[in-house]
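Structure first, then comments.
Remember, it's a predicted structure, so these values are computed and weren't measured experimentally.
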Amino acid sequence: MSTRSSGLAALCLAGVLLAASACGGGSSGGGDGTVELRFGWWGNNDRAAATQRVIDAFQAKNPGIKVKGSFTDFNSYFDRLATEVAGGRAPDVITLGGAYPREYGDRGALLDLAKVGLKTDRIGAAALDNGKFGGVQYGVPTGVNAIAVVVNEAVFDKAGVPLPEEDTWTWDDFKRIAKELSGKVPEGTFALADPTRTDTLDVYSRQRGEALYTADGKVGISDSTLVDWWTMTLELQSAGATPPASQTAELITQPAPEQSLMGRGQAAMQFDWSNQLSALSKAAGQPLRLMRVPGESGAAQPGMWLQASQIYSINAKSEHPQEAAKFVDFLVNSPEAGKIILADRGIPANSDVRTAIQGVLGEPEKAQAAFIDALTPKAGPPLVIGPAGSTDTPKILDRVNAEVLFGREQPAAAAADFIQQVGTAIKQ
């Protein structure tokens, strides 16, 4: 899953993780000998309720271990985690994503899972490698997902606009359809929210034979690709296909699915991760569907890829690493946990769990599974995970994108600005 993070995370990590190494982890023990673990993740109330049911099931099987869950919204999570790690108060089990396993692992904040013998033999190598850096397994995937276009067919139908052909549509088709929708949807409804995010830039650049980052840890996206991207998004905004800049700026601060235009029933399309389909469908109050990103069929290489939706890691300073590993094992390897979580954190990465939950999946979860199954033989090479410092990139992109949308910076200047800022961040 894409992680919109704050530069504060990298700053805190760079400056004070060494001091944190002298502190104990966030776990403790009860007076009766009970081991107490802390588990941190991001999400909304629905995810929290399901997670608590998993915790309850684990505790019923392990009465000597008590797990205390802690969550916040996506935008706040990584800021809070950086502060907790810096102060030696990080949870025992930490949920991460994107470049964060490398960011924290390289600085000694995460446990090498080989030390606790966590079983991973039923998890595919592609997803498992998302938590492995420098030969060290710092985390295991919760599930597998992919960036996609979420589509509200009802909005298309009411506008009288045909759905795209997902196997062949191009970016020109995407622009044409978005503009056509903009003239036919009700006021307050849009073809889509502004699509600029690190995930879409990765897809767009990969289709051109590039990537956001190179394998040797440098900025890989070119000026010309960024100029073409921002030229397109400005064209969409001018046509009313995406919201005005002020509304886009507001939407960035509202990360929950129910707060998005799609979740409110006010968008025909939305770029998002496949595991968000259930939450978005529930928020919108109607079925939604997943489609492949435009431009795949005529690309230099497929831009879409399969990725671990989230990563479970263990705090290197946990006082109870074996018990923490037992909890992580339950989360990723237990069919019982899988039947509670379903596809909320991606289609389960463990093949046995994936098989076990087939009979209890709802329609959105079945759609996610079918989408991943169909994408698997068509997906491009694994994503190049950003180097240390790249966790700043989403916030850099948000700032530069705002300059473009508000008309304060032209695409060419924005491209140079973005590349320079990201280059500086990953060299720190």
Side-chain angles (χ1 to χ4, degrees), residues 2 146-153 155-156 159 161-185 190-213 219-243 245 248 261-262 267-274 288-307 371 374-375 378-381 383-384 397-398 400-401 404-405 410-412 414-415 418-419:
S2 164
I147 194 69
V149 179
V150 182
V151 174
N152 188 328
E153 293 185 72
V155 176
F156 272 86
V161 176
L163 289 174
E165 172 47 62
E166 67 171 316
D167 288 330
T168 60
W169 68 327
T170 65
W171 287 102
D172 284 339
D173 293 329
F174 167 72
K175 287 193 297 181
R176 173 182 53 78
I177 291 168
K179 289 178 182 179
E180 186 177 358
L181 284 164
S182 70
K184 297 180 177 180
V185 295
F190 299 90
L192 74 161
D194 178 75
T196 303
R197 45 190 287 171
T198 55
D199 315 309
T200 50
L201 285 185
D202 247 319
V203 171
Y204 192 71
S205 60
R206 280 162 59 94
Q207 288 178 349
R208 295 174 169 218
E210 303 172 1
L212 199 48
Y213 307 104
V219 180
I221 193 169
S222 67
D223 287 75
S224 60
T225 293
L226 287 165
V227 169
D228 288 347
W229 176 264
W230 271 312
T231 299
M232 176 181 68
T233 61
L234 282 175
E235 192 176 334
L236 293 175
Q237 181 181 253
S238 296
T242 58
T248 293
L261 290 179
M262 182 61 67
M269 298 180 287
Q270 176 169 307
F271 288 89
D272 216 322
W273 290 95
S274 56
L288 305 173
R289 65 178 290 177
L290 298 170
M291 284 190 173
R292 292 171 69 201
V293 170
E296 288 288 275
S297 59
Q301 68 172 10
M304 298 179 68
W305 70 95
L306 297 175
Q307 179 168 308
F371 181 77
L375 176 63
K378 302 174 182 177
L383 181 73
V384 176
L397 181 60
D398 284 346
V400 176
N401 188 52
V404 173
L405 296 182
Q410 294 302 306
F418 175 75
I419 290 173

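A distance of 5.5 Å separates CG of Leu397 from CG of Leu201, quoted to the nearest 0.5 Å. Once rounded to the nearest 0.5 Å, the distance linking CD of Gln307 with CG of Asp199 reads 7.5 Å. Here Ser297 contributes atom OG and Gln207 contributes atom CD; the two are 9.0 Å apart, rounded to the nearest 0.5 Å.
Two residues are said to be in side-chain contact when any heavy atoms from C-beta on lie closer than 4.5 Å; Leu375 and Ser274 fail this criterion. The closest side-chain heavy-atom distance from Val404 to Trp229 is not below 4.5 Å. Side chains of Phe418 and Val219 form no contact here, defined as non-hydrogen atoms less than 4.5 Å apart. The shortest distance between side-chain heavy atoms of Val203 and Trp305 falls below 4.5 Å. Within the 4.5 Å cutoff, the side chain of Thr242 has no heavy atoms near those of the Thr233 side chain. Here the side chains of Pro294 and Val149 are in contact, with some heavy-atom distance below 4.5 Å. With contacts defined as side-chain heavy-atom distances shorter than 4.5 Å, the pair Thr196/Trp230 qualifies.
Closest of all the heavy-atom pairs between Met232 and Lys175 is CG-CD, 3.4 Å. Minimum heavy-atom separation, Asp228 to Arg208: OD2-NH1, 2.9 Å. Gly209 and Ala300 get closest at one heavy-atom pair: N-CB, 4.2 Å. Residues Ala415 and Asp223 approach most closely at CB-O, 3.8 Å, considering heavy atoms. Taking each heavy atom of Phe371 and Ala146 in turn, the nearest pair found is CE2-CB, 4.3 Å. The minimum heavy-atom distance linking Phe190 with Gly240 is given by the pair CD2-O, 3.6 Å.
Proximity of the aromatic rings of Phe174 and Phe271 is defined here by a centroid distance below 6.0 angstrom, and this criterion is met.
Of the listed residues (Asn152, Val151, Asp272), just one forms a side chain to side chain contact (heavy atoms under 4.5 Å, CB included) with Met262, and that residue is Asn152. Each of Ser224, Ser205, Ser222 was evaluated against Glu210; a single residue qualifies, Ser222, per the side chain to side chain donor-acceptor pair (under 3.5 Å) test.
In this structure, the side-chain contact (heavy atoms from CB on, under 4.5 Å) partners of Thr231, at least two apart in sequence or on a different chain, are Val227, Pro411. Scored by the side-chain contact (heavy atoms from CB on, under 4.5 Å) test, Ala178 finds Ala191, Leu192, Leu236, Ala241, Met269 as partners (sequence neighbours excluded).
The backbone N or O of Leu405 sits less than 3.5 Å from a side-chain atom of Gln237, completing a donor-acceptor pair. Between the side chain of Ser238 and the backbone N or O of Glu235, no donor-acceptor pair lies under 3.5 Å. In terms of modelled atom types and a separation under 3.5 Å, the side chain of Trp169 and the main chain of Leu163 share no donor-acceptor contact. The backbone N or O of Pro381 sits less than 3.5 Å from a side-chain atom of Arg206, completing a donor-acceptor pair. Remark: the backbone N or O of Asp194 is not paired with any side-chain donor or acceptor of Thr248 at under 3.5 angstrom. Checking side-chain atoms of Gln270 against main-chain N and O of Ala193 turns up no donor-acceptor pair under 3.5 Å. Using modelled atom types, one side-chain atom of Asp173 and one backbone atom of Thr170 make a donor-acceptor pair closer than 3.5 Å. Distance alone, capped at 3.5 Å, is enough to place a donor-acceptor pair between the Ser182 side chain and the Ala239 backbone.
A salt bridge between Glu296 and Lys378 is absent, with no side-chain N of the basic residue lying under 4.0 Å from a carboxylate O of the acidic one.
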- request: Take Val293 and Trp171, measure what side-chain contact (heavy atoms from CB on, under 4.5 Å) needs, and give me the verdict at the end.
  value: CA-CA 9 Å; Val293 170; Trp171 287 102; 3.7 Å; yes
